[in-house]
Peer 1: 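Handing you this structure, nothing more for now.
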Amino acid sequence: MTEDVSQALIMHLPQHVGKAVCVRGWLRNKRSGKNIHFLILRDGTGEVQCVASGDSLPAETMQLCDALGIESSLEVVGIVREDARSPGGYEVALSEVKPLQVVNDFPISKKEHGVEFLMEHRHLWLRSRRQVAILRIRDELEKAWADFFYERGFARVDAPIFTPAACEGTTTLFDVDYHGDTAYLTQSGQLYNEATIFALGRVYCFGPTFRAEKSKTRRHLLEFWMLEMEAAFFEQEDNLRLQEELLVFSIARVLQKCGRELATLQRDTDKLVNIAAPFPRLHYRDAVEQINRQMPDRAEPFRYGDDFGAPEETFISQQFEQPVFVTNFPVGTKAFYMKPDPDEPDTVLAADLLAPEGYGEIVGGSQREDDLDALEKRVGEHGLPREAFQWYFDLRRYGSVPHSGFGLGLERTLAWLCGLSHIREAIPFPRMLHHLYP
RNA sequence: UCCGCGGUAGCUCAAUCGGCAGAGCAGCUGGCUGUUAACCAGUUGGUUGGGGGUUCGAGUCCCUCCCGCGGAGCCA
């Protein structure tokens with residue numbers, strides 16, 4: 001290949017108009033006439049039409065182009081030029097074509113495929129425009145979260161993946177042999193965050209989370225990524241405000257940086273542009289009342305004290321075009337570490353945030369019980385092994401302060417922002433019930 | 001675990017009442033002067049998910065197992 005021609009990423013080609021460049025990538029598509037080939041090349045940063053004309057290229061090169069199938073890898077040299085006939089407005093007039101590997105049997109064709117086939121070929125499916133767009137937005141969202149917390153003085157402190165005991169229950173954990181002991185894959189880093197705030201004040205962790213529930217719905221993964229933040233001296237109100245701020249910040253960032261990707265996904269961005277704080281808040285009691293008064297096709301009334309199921313959540317979120325906080329759940333429905341509301345002691349200072357458009361719960365958060373006696377009592381009521389929580393009780397023995405935190409699911413948030421109909425597309429290699437390949 | 005739907009060519013699907021297993025795309029062969037999921041003509045391709053049963057005859061009906069999809073419970 002010509003040595004003095006500069007390598008260029010496809011995203012930078014507009015800066016090279018009139019100059020010769022070398023582009024390396026994969027063949028997305030090809031259209032051919034008798035004396036001309038249009039090679040659509042992609043390199044991960046974009047795609048560009050490359051034109052091989054028999055008028056300017058030797059017959060051998062034209063034959064090479066003829067042999068190239070979709071997803072062949074190649075290196076080309078040519079002059080960048082503007083041309084209205086080319087998709088994207090620019091194209092490369094080829095002078096050299098060097099196939100790196102000629103492919104003629106790429107399994108995923110330009111026509112439609114079923115879910116089963118695509119999932120079986122997830123490692124190849126990721127190359128599609130749609131999947132690339134989703135992964136770009138995922139990357140931007142993760143960057144936005146890191147920036148958001150960095151700017152506000154939060155330290156990222158990673159929590160362990162192996163844990164000795166259940167955080168909340170014991171039936172939904174994956175267990176692994178830990179050299180003779182049983183360890184569990186983490187279900188939440190929260191308890192560890194509660195320890196590190198006493199060192200760093202404001203922290204968050206971000207990592208994979210494992211749930212062994214046999215869930216089989218468009219909203220569930222067995223392995224998903226969750227951001228969990230915890231802050232000392234944060235009360236319930238501070239907690240909700242930060243959630244609003246984080247989501248508004250994230251949406252603004254994705255709209256600003258990922259317009260092309262959202263267009264590829266044909267996302268109706270008006271729905272995102274209109275998201276604004278403060279988000280509506282709905283008291284659990286009022287939610288129950290609305291369900292019983294307005295929710296259609298209900299055989300039996302919803303009982304105060306029960307937890308919402310998916311149909312109830314969907315109904316609630318449909319009442320709003322904004323994300324909605326559901327607050328003041330009855331004490332019995334929620335985890336042991338949540339602090340009762342002093343104004344309504346039979347409810348907790350907790351809130352779930354439900355995303356609009358039927359995407360369901362994306363955040364769960366609460367103010368934590370900071371009183372040792374009350375916490376020990378709750379652990380007993382929940383039938384949890386007191387010994388395992390001694391270190392956690394220590395946090396209430398040595399300088400206890402009011403504190404709060406929340407967990408935000410990456411894939412559910414991404415599914416919402418991208419308008420995906422299934423969470424499996426929101427993670428490169430989804431782990432689902434009976435799906436461990438590839 | 002439970003409920004519902006499905007499994008036919010490499011892919012996406014069709015097949016009437018139980019009566020010769022088909023189409024589009026991909027592939028292959030040829031054609032086409034700038035294409036836009038390029039187009040045109042020809043053509044290859046089948047253990048109808050596995051096993052058992054009913055029948056003169058089963059993709060179709062019955063039993064059973066496997067796999068997939070959607071939902072419930074649970075949750076981010």
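Just so it is clear, the model here is predicted, and its values are computed rather than measured. Below, chain A is the first sequence line, B the second, and so on; all start at residue 1.
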Peer 1: Calculate, to the nearest 0.5 Å, the distance between atoms CG and OG1 belonging to A:L222 and A:T209 respectively.
Peer 2: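 If we round to the nearest 0.5 Å, A:L222:CG and A:T209:OG1 are 12.5 Å apart.
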Peer 1: Hey, does A:I36 reach any base, or is it just sugar-phosphate, or nothing, if we go heavy atoms under 4.0 Å?
Peer 2: base
Peer 1: Roughly, in whole Å, what's the span from CG in A:L173 to P in B:rC75?
Peer 2: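 These atoms are roughly 13 Å apart.
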Peer 1: Rounded to the nearest angstrom, tell me the gap between atom CZ in A:F106 and atom P in B:rC11.
Peer 2: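 Going from CZ in A:F106 over to P in B:rC11 covers 15 Å.
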Peer 1: Is there a side-chain contact between A:R122 and A:L118, using heavy atoms and a 4.5 Å cut-off?
Peer 2: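 SC-SC contact between A:R122 and A:L118 ruled out.
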Peer 1: For A:E228 and A:G189, indicate whether the former's side chain and the latter's backbone hold a donor-acceptor pair under 3.5 Å.
Peer 2: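 Between the backbone of A:G189 and the side chain of A:E228 there is a qualifying donor-acceptor contact (under 3.5 Å).
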Peer 1: Starting the side chain at C-beta, find the nucleotide from B:rG34, B:rA72, B:rA76 nearest to A:R412.
Peer 2: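 Among the listed nucleotides, the one closest to the side chain of A:R412 is B:rA76.
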Peer 1: For A:L221, report the nucleic acid contact type (base, sugar-phosphate, nothing); a contact means any heavy atom under 4.0 Å.
Peer 2: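 Base contact.
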Peer 1: In Watson-Crick or G-U wobble terms, both distances under 3.5 Å, what is the partner of B:rG57?
Peer 2: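 Across any shown strand, B:rG57 pairs with none.
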Peer 1: Rounding to an integer number of Å, can you tell me how far A:I40 CD1 sits from B:rG34 C1'?
Peer 2: 11 Å
Peer 1: Can you tell me how far C1' in B:rC5 sits from the matching atom in B:rC75, rounded to whole Å?
Peer 2: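 Rounded to whole Å, the distance is 25 Å.
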Peer 1: Using a 4.0 Å heavy-atom cut-off across all strands, classify A:S32 as base, sugar-phosphate, or nothing.
Peer 2: base
Peer 1: Quick one: label A:G360 by what it contacts on the DNA or RNA (base, sugar-phosphate, nothing), any heavy atom closer than 4.0 Å.
Peer 2: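 No contact.
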Peer 1: With a 3.5 Å cut-off and just heavy-atom distances, do the side chain of A:E91 and the base of B:rG34 make a donor-acceptor pair?
Peer 2: yes
Peer 1: When the C1' atoms of B:rA41 and B:rG7 are compared, how many Å lie between them, rounded to an integer?
Peer 2: 35 Å
Peer 1: Kindly indicate whether the side chain of A:P208, heavy atoms from C-beta on, has any atom under 4.5 Å from the side chain of A:I161.
Peer 2: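 They are in side-chain contact.
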Peer 1: Determine the Euclidean distance between corresponding C1' atoms of B:rG59 and B:rU55; express it in Å to zero decimal places.
Peer 2: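 Their C1' atoms lie roughly 16 Å apart.
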Peer 1: With both distances kept under 3.5 Å, what pairs with B:rU43, Watson-Crick or G-U wobble?
Peer 2: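 The base-pairing partner of B:rU43, which may sit in any strand shown, is B:rG27.
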Peer 1: Considering only B:rC69, B:rC75, B:rG73, which nucleotide approaches the side chain of A:K216 most closely?
Peer 2: B:rC69
Peer 1: Pick the C1' atom in B:rG45 and in B:rU29, then give their distance to the nearest Å.
Peer 2: 15 Å
Peer 1: Looking for any heavy atom pair under 4.0 Å, which part of the strands does A:S109 touch: base, sugar-phosphate only, or nothing?
Peer 2: nothing
Peer 1: Which part of the nucleic acid, if any, lies within reach of A:R424 when heavy atoms closer than 4.0 Å are counted: base, sugar-phosphate only, or nothing?
Peer 2: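 Sugar-phosphate, backbone atoms only, no base.
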Peer 1: Between A:D83 and A:P311, which has a closest nucleotide on RNA chain B that is more 5'?
Peer 2: A:D83
Peer 1: Does the cation-pi check pass for A:R152 over A:Y150, that is, NZ or CZ under 6.0 Å from the six-membered ring centre and within 45° of its axis?
Peer 2: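 No, A:R152 and A:Y150 do not form such a contact.
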Peer 1: Across all strands, who's sitting opposite B:rA37 as a Watson-Crick or G-U wobble pair, both distances under 3.5 Å?
Peer 2: none
Peer 1: Expressed in whole Å, how much space separates the P atoms belonging to B:rG68 and B:rG22?
Peer 2: 31 Å
Peer 1: Between B:rC39 and B:rU48, how far is it from one C1' atom to the other, in whole Å?
Peer 2: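 My reading of the C1' atoms in B:rC39 and B:rU48 gives 33 Å.
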Peer 1: Would you say the rings of A:Y304 and A:Y284 are close, in the sense that their centroids are separated by under 6.0 Å?
Peer 2: yes
Peer 1: What does A:Q49 touch in the nucleic acid at a heavy-atom separation under 4.0 angstrom: a base, only the sugar-phosphate, or nothing?
Peer 2: base
Peer 1: Any sub-3.5 Å donor-acceptor pair from A:K30's side-chain atoms to A:C65's backbone N or O?
Peer 2: yes
Peer 1: What is the separation between atom NZ on A:K334 and atom P on B:rA76, rounded to the nearest whole Å?
Peer 2: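 Taking NZ of A:K334 and P of B:rA76, I get 7 Å after rounding.
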Peer 1: Provide the full list of side chain to side chain donor-acceptor pair (under 3.5 Å) pairs with a residue in residues 58-71 of chain A, sequence neighbours left out, each pair given once.
Peer 2: A:R42-A:E71, A:E71-A:R127
Peer 1: Looking at A:H435, I'd like to know whether one of its side-chain N or O atoms comes within less than 4.0 Å of OP1 or OP2 on B:rC69.
Peer 2: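 Checking A:H435 against B:rC69: at least one side-chain N or O falls below 4.0 Å of OP1 or OP2.
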Peer 1: Side-chain N or O of A:H422 less than 4.0 angstrom from OP1 or OP2 on B:rG70?
Peer 2: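 Checking A:H422 against B:rG70: at least one side-chain N or O falls below 4.0 Å of OP1 or OP2.
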Peer 1: Which base sits across from B:rG68 as a Watson-Crick or G-U pair, both distances under 3.5 Å?
Peer 2: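 Matched B:rG68 with B:rC5 under the 3.5 Å cut-off.
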Peer 1: With rounding to whole Å, what would you report as the distance between B:rG24 and B:rG19 at their P atoms?
Peer 2: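 After rounding to an integer number of Å, I get 24 Å for this pair.
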Peer 1: Rounded off to whole Å, could you give me the CD-to-P distance for the A:E142 and B:rA76 pair?
Peer 2: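 Distance, rounded to whole Å: 19 Å.
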Peer 1: How many Å lie between NZ on A:K214 and P on B:rC3, as a whole number?
Peer 2: 15 Å
Peer 1: Suppose you measure atom C1' in B:rC62 against the same atom in B:rG18; what distance do you get, rounded to whole Å?
Peer 2: 13 Å
Peer 1: Nearest-nucleotide wise, let me know which of A:S86 and A:G364 is further upstream toward the 5' end of RNA chain B.
Peer 2: A:S86
Peer 1: A:M338 CE to B:rC75 P: how many Å, rounded?
Peer 2: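 From A:M338 CE to B:rC75 P: 10 Å.
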Peer 1: Any idea which of B:rC74, B:rU1, B:rC11 is nearest the A:R219 side chain?
Peer 2: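 Per side-chain heavy atoms of A:R219, the pick is B:rC74.
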Peer 1: May I ask you to say what A:E120 touches in the nucleic acid, namely base, sugar-phosphate or nothing, with a heavy-atom cut-off under 4.0 Å?
Peer 2: nothing
Peer 1: Which nucleotide in the set B:rG34, B:rA76, B:rC11 lies at the smallest distance from any side-chain heavy atom of A:R81?
Peer 2: B:rG34
Peer 1: Considering only heavy atoms and no angle criterion, is a donor-acceptor pair shorter than 3.5 Å present between the side chain of A:H220 and the base of B:rC74?
Peer 2: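 Under the 3.5 Å cut-off, the side chain and the base do form a donor-acceptor pair.
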Peer 1: Given atom CD of A:E116 and atom P of B:rC13, what is their separation to the nearest angstrom?
Peer 2: 11 Å
Peer 1: Are B:rA76 and A:F224 stacked, with the base six-membered ring and the side-chain ring centres under 5.5 Å apart and planes under 30°?
Peer 2: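 By the stated criterion, A:F224 and B:rA76 stack.
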